[in-house]
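To start, the structure under review is shown below, and the notes come after it.
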Protein chains: 2
Amino acid sequence: MARKIAERSDIVPVLGEIFRERGFAGASLSEITQRTGLGKGSLYHFFPDGKEEMAKVVLDDVADWFETNVFVPLGTAEDPEVGIDHMFKATVSFFHSGRRVCLVGTFALDDTRDRFAEVIHAYFAAWTKALASALRRRGFGIKAARATAEDVVAGIQGALVLARSQDDPGVFTRAIKRLQARTKTAPAA
Amino acid sequence: MARKIAERSDIVPVLGEIFRERGFAGASLSEITQRTGLGKGSLYHFFPDGKEEMAKVVLDDVADWFETNVFVPLGTAEDPEVGIDHMFKATVSFFHSGRRVCLVGTFALDDTRDRFAEVIHAYFAAWTKALASALRRRGFGIKAARATAEDVVAGIQGALVLARSQDDPGVFTRAIKRLQARTKTAPAA
DNA sequence: GTCTATAAAGCGATAGAC
DNA sequence: GTCTATCGCTTTATAGAC
């Protein structure tokens with residue numbers, strides 16, 4: 001199964017980690033060549049438009065993963081509670097219990113957002129929408145479902161910031177528990 | 001009142017905006033010279049250690065502002081509810097209703113955190129602690145106060161991310177309202 | 001205190017051999 | 001598909017005149 005010839009999909013995860021750690025502006029081609037083990041020639045063969053294309057592919061990859069592993073289950077699980085609980089599990093797993101930041105969130109904060117405005121907007125919109133839909137099916141009213149969905153998605157992002165600031169994954173896992181509890185009962189009017 | 005000779009304090013706010021917009025890695029000295037109107041000579045006169053010192057001074061400036069305008073009122077207001085409500089007002093104002101990101105949060109997400117770990121840690125720890133203390137005085141139990149404080153501080157950070165991703169300050173102001181409501185009554189055990 | 005000139009290093013990107 | 005060599009530019013930082 002070992003291939004000598006690299007495929008683009010082999011290095012996308014590595015690129016993801018680099019962009020997460022350094023941000024878009026801070027990710028240098030020299031670090032990318034080192035950590036992927038590929039020369040610039042190979043990199044530009046796979047990504048003719050350079051760093052911008054690398055980031056775009058990584059963003060699309062993340063969006064695809066969430067679409068398949070989180071958003072679709074949220075919408076299709078027969079029991080919406082199962083879909084929601086699965087979302088929290090997948091989230092904790094994907095973000096390594098708060099040790100790994102959200103690439104899309106990181107890009108959203110500085111001027112990198114403007115480069116990738118569409119993907120970034122779509123990612124969070126899809127998440128919020130899928131969760132609100134599941135909450136509706138759980139019996140939440142339209143407004144409560146939307147509000148709680150926004151609350152949970154923002155809460156996850158904020159917990160990642162806070163956990164990293166304190167260098168304490170416990171901050172993240174505690175936040176997840178509270179957020180999950182909030183999806184069990186609709187808030188008072 | 002017009003001074004020709006610049007003071008360091010005159011340009012700190014400008015530096016703050018640049019770092020907020022570009023992040024630490026993305027903020028270039030050429031943009032800093034342009035937007036401050038000062039040459040490199042002047043900049044290195046005020047900040048001998050260059051960009052790193054500029055960022056440090058801005059971080060300290062932000063921390064001081066919050067200490068004075070948010071954390072102290074939280075702890076000293078006779079009526080803790082007044083202090084908490086003031087915190088939300090000051091927060092909405094400081095972050096321009098979600099149009100301005102949190103510098104400390106932005107720095108916390110990527111490897112910039114490691115450069116300024118202490119200030120970043122202290123900022124969020126102080127915020128959480130001051131809010132928890134006010135909630136205690138409002139009648140929250142110790143655990144409820146801590147949990148709600150973490151919830152609110154994380155919620156604010158997440159709302160900034162989400163609002164920027166959607167390019168919609170409404171996301172932020174709605175979140176603030178929900179978070180504020182959550183400080184009025186202790187959550188069920 | 002402010003400026004211009006300059007240095008040295010690193011950047012993203014390209015060319016061309018293999 | 002992968003590499004090395006190189007281009008042109010920008011970067012942070014320094015030196016020294018005023």
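Within every chain, numbering begins at 1; the chains are lettered A, B, ... in the order of the sequence lines, protein sequences first and strands thereafter. Quick caveat, the model's predicted, so the values are computed rather than measured. No hydrogens, no waters, no symmetry mates; every other heavy atom, side chains included, goes into these values.
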A:Phe46 CZ to C:dA13 P, in whole Å, measures 17 Å
Could you check how far NZ of B:Lys51 sits from C1' of C:dA9, rounded to whole Å?
14 Å
Membership question, hydrophobic clusters at under 4.5 Å side-chain separation (ILVMFWY): are B:Ile84 and B:Val72 in the same one?
no
Which part of the nucleic acid, if any, lies within reach of A:Gly50 when heavy atoms closer than 4.0 Å are counted: base, sugar-phosphate only, or nothing?
sugar-phosphate
Please state how far atom CZ in A:Phe47 lies from atom P in C:dG12, giving the value in whole angstrom units.
15 Å
In this structure, how many angstroms lie between the P atom of C:dC3 and the NE2 atom of B:His45, rounded?
12 Å
Can you check the B:Glu7 CD to C:dT2 P distance for me, whole Å?
10 Å
Mind checking whether A:Phe66 and A:Trp127 have parallel, tilted or perpendicular rings, split at 30° and 60°?
tilted
Is the phosphate of D:dT10, meaning OP1 or OP2, less than 4.0 Å from a side-chain N or O of B:Ser30?
no
Nearest-nucleotide comparison on DNA chain C, the residue closer to the 5′ end among A:Ser28 and A:Gly41
A:Ser28
Would you classify B:Ala25 as touching base, sugar-phosphate or nothing, given that sugar-phosphate means primed atoms plus P, OP1 and OP2, and contacts are heavy atoms under 4.0 Å?
nothing
What is the distance, rounded to the nearest whole Å, between atom CZ of A:Arg115 and atom P of C:dG12?
11 Å
Between D:dG1 (P) and A:Asp10 (CG): distance, integer Å:
12 Å
Could you check how far CG of B:Leu29 sits from C1' of D:dT11, rounded to whole Å?
8 Å
For A:Pro48 and for A:Glu31, locate the closest nucleotide of DNA chain C by heavy-atom distance; then report the residue assigned to the nucleotide nearer the 5' terminus.
A:Glu31
